[in-house]
Engineer: 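Sharing a structure, written as C-alpha cells. Questions coming.
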Amino acid sequence: VPAIDVDHARALTPGCEHILHLNHAGSSLAPQPVLDAVIGHLRLEAEVGGYEAAAQEATRTDGVYEAVARLLGASKDEIALTDSSTRGWQAAVLSLPLGPGDRVITMRAEYAANAITFLQLQRRTGCELVLVEDDEHGQLDVVAMAREIAHPRTRIVSVVHVPTQGGLVNPVADVGALCRAAGVTFVVDACQAVGQLPVDVGAIGCDVLAGAGRKFLRGPRGTGFLYVRGSLLEHLEPLAVDLHSAEWTTTDTYELRDDARRFELFEHSPALRLGLGAAIEHALGWGIDAIAARNAILAEGLRDRLRAIPGVSVHDQGEYRCAITTFRVDGLPAAAVADELRRRGVNVSVSVASWARYDLPHRGLDALVRASVHYITTDEELDRMAEDVAHVASAR
Ligand SMILES: Cc1ncc(COP(=O)(O)O)c(C=O)c1O
C-alpha cells in the first residue's frame, strides 16, 4: 500500500491551519476540490439559473452515481443519491415487505435512528425485533447471528459496519455470506465506514447499504447515498414516491423507475452532489487501502497515548479497530472533557447512551468522548491531543 503524502493532503485542506480536528466521524474537513465543486456550481446557478445550471452540468452530476458505484463495487443503476445516510437506509428498509411474526435481526452496535425505525416497524407491522449479542471481542457474535439467520421467519438482518460510538469494525462479510446462503435480506449501515475502510458490496454480500458524504469521505454536509442490489430493486416499492421516482403514465396509473433512483425524490442540490463526487474522487485518488492503513496506525497511536494518561480509559472494541477512538476521564462527564478540549482548539465529539442504547448502557457507560482521526492527522497533533487530555485529567 503506497504511503499518503500527508503534507500535500493537508495543503489541500484549508481547515487544517485553524483547528486540531478529531471529529472526522462527525463531519470531516472538506478538501479544496470539494469546495471548488460546490461553490463553482452555486456560482453557476446564480449566473444562469438553477435548472439551466443543472442541465449544463448533467454529465458531471450523472458521473457522481458512477463515482459512488466505483467506490462500492456496485453498478450505477444500483445507486440512489440522498441527503443523508439515514434517508437512504430508511427509504430502502421501509420498502421491505414485513408482516406479523416476521423477524428482524439487529445487533448491539445498532445506530439509534435505525433502532427507532425498527421499533416503529414493529408497531406498524407486528414484526419481531431480535438482538444478537456481542462475542468476546465486543463485535457481533457471528455464531449467534448464524442461528438467527437460520430461523425460517427471519426476513431482515441489520448490521452497522462501524458504529458511531467506537472503533469497532463488525464482521459484515461473514454475516453477508450467511444471509446470501439463507436468502435473507442483509442491510448494512456503512455510514462510518465509507471513506475510511474498503467497502465493497460484492465482498460484503449485502442487499442494501447506506453511507454519508460528510464523514470519512470528506464531502459536504447534506449528502448521502444508497445501494440496493439490482436483483432486489425491482421487487421494492418505495414508501414515498414522486414524479422523479415514478412516472404518472395515465390518470390512474404510474410506473416506478427501474433503477435505484426510484428511492429518490425530484428536488436535490446538484452543487452538493458534485461536492460528493469530488470527495469520492479525492478519496479514491489517495486510495482507500492507503487511507485505512494510515488511519489504523494513527488511531492505535492515539489509543496508546490516551491509555498512558492516569485516569483515562479507552473503550474501543472489536478484533479490528478503525479511525474512531473512544475514551473517558475518571470523575469527569464526557461532555465536560469535550468542552474543555474545544476551548483548547481541539474538536472531538461525545457519544451518548441514547444514540447507542443497546451498547453503551450494556457496558455500564453513559457517554464517551469520541476522537476520530483521519489520514490528514499527524503524530504532532496526536501528541498535542494527549497533552491536552492529560491537562484536563490532571485538573480534575
Ligand atoms: C453508524 C451511523 N449510522 C448512521 C448515521 C446517520 O447518518 P446521517 O446523519 O447522515 O443520516 C450515523 C451518523 O452519525 C452513524 O454514525
Side-chain angles (χ1 to χ4, degrees), residues 21-28 30 68 72 80-94 106-120 134 138-140 157-172 175 186-197 199 204 206 208-227 263-265 268-269 272-273 275-276 279-280 316-318 321-326 338 347-360 367-374:
H21 192 68
L22 295 176
N23 192 17
H24 300 278
S27 185
S28 188
V68 177
L72 303 179
L81 297 179
T82 61
D83 55 5
S84 77
S85 188
T86 302
R87 190 80 76 178
W89 189 97
Q90 286 184 344
V93 168
L94 292 173
T106 181
M107 30 80 253
R108 290 221 169 260
E110 190 61 279
Y111 185 64
N114 306 346
I116 292 167
T117 300
F118 284 141
L119 291 173
Q120 203 183 32
D134 287 340
Q139 60 200 19
L140 75 87
V157 169
S158 166
V159 172
V160 172
H161 194 171
V162 170
T164 187
Q165 72 278 11
L168 163 71
V169 181
N170 261 322
V172 279
V175 179
F186 183 28
V187 177
V188 173
D189 176 342
C191 185
Q192 293 289 5
V194 286
Q196 69 147 323
L197 295 174
V199 174
I204 292 173
C206 55
V208 171
L209 181 140
R214 70 185 182 281
K215 297 178 182 290
F216 289 98
L217 278 172
R218 309 182 61 199
R221 293 200 64 174
T223 59
F225 48 81
L226 165 69
Y227 157 83
F263 291 101
E264 297 176 351
L265 296 181
H268 64 276
S269 164
L272 295 181
R273 284 190 178 176
L276 172 67
I280 292 172
D316 300 311
Q317 307 198 101
R321 286 173 296 276
C322 65
I324 299 177
T325 294
T326 45
N347 290 345
V348 295
S349 66
V350 175
S351 292
V352 295
S354 64
W355 287 37
R357 221 165 251 301
Y358 294 146
D359 179 34
L360 292 183
L368 289 170
V369 185
R370 182 182 70 179
S372 41
V373 301
H374 210 353

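Start at 1 and go down the list; that is how both ligands and their atoms are numbered. Below, each value reflects all heavy atoms present in this structure, side chains not excepted, and no hydrogens, waters or symmetry copies.
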Engineer: Quick check on side chain to side chain contact (heavy atoms under 4.5 Å, CB included): which of D316, V348, T164 does T326 satisfy it with?
Structural biologist: D316
Engineer: For a quick check under 3.5 Å, do E110 and S158 share a side-chain donor-acceptor pair by atom type?
Structural biologist: yes
Engineer: Counting only heavy atoms not in R321, do more than 12 fall under 6.0 Å of its CZ?
Structural biologist: yes
Engineer: Name all residues meeting the side-chain contact (heavy atoms from CB on, under 4.5 Å) criterion together with A323; count only those two or more places apart in sequence or in a different chain, and write none if there are none.
Structural biologist: Q196, F216, N295, V373
Engineer: Under the rule for side-chain contact (heavy atoms from CB on, under 4.5 Å), what residues qualify as partners of L119, not counting sequence neighbours?
Structural biologist: Q122, L129
Engineer: For A112, give me all partners under side-chain contact (heavy atoms from CB on, under 4.5 Å), at least two apart in sequence or on another chain.
Structural biologist: none
Engineer: Tabulate distances under 3.5 Å between N/O atoms of ligand 1 and N/O atoms of the protein, writing both atom names on each line.
Structural biologist:
{"from": "ligand 1", "atom 1": "3 (N)", "to": "D189", "atom 2": "OD1", "distance (Å)": "3.1"}
{"from": "ligand 1", "atom 1": "3 (N)", "to": "D189", "atom 2": "OD2", "distance (Å)": "2.5"}
{"from": "ligand 1", "atom 1": "9 (O)", "to": "R214", "atom 2": "NH2", "distance (Å)": "2.8"}
{"from": "ligand 1", "atom 1": "10 (O)", "to": "S85", "atom 2": "N", "distance (Å)": "2.9"}
{"from": "ligand 1", "atom 1": "10 (O)", "to": "R214", "atom 2": "NH1", "distance (Å)": "2.8"}
{"from": "ligand 1", "atom 1": "11 (O)", "to": "S84", "atom 2": "OG", "distance (Å)": "3.4"}
{"from": "ligand 1", "atom 1": "11 (O)", "to": "S85", "atom 2": "N", "distance (Å)": "3.4"}
{"from": "ligand 1", "atom 1": "11 (O)", "to": "T86", "atom 2": "N", "distance (Å)": "2.8"}
{"from": "ligand 1", "atom 1": "11 (O)", "to": "T86", "atom 2": "OG1", "distance (Å)": "2.5"}
{"from": "ligand 1", "atom 1": "14 (O)", "to": "K215", "atom 2": "NZ", "distance (Å)": "2.9"}
{"from": "ligand 1", "atom 1": "16 (O)", "to": "T164", "atom 2": "OG1", "distance (Å)": "3.4"}
{"from": "ligand 1", "atom 1": "16 (O)", "to": "Q192", "atom 2": "NE2", "distance (Å)": "2.9"}

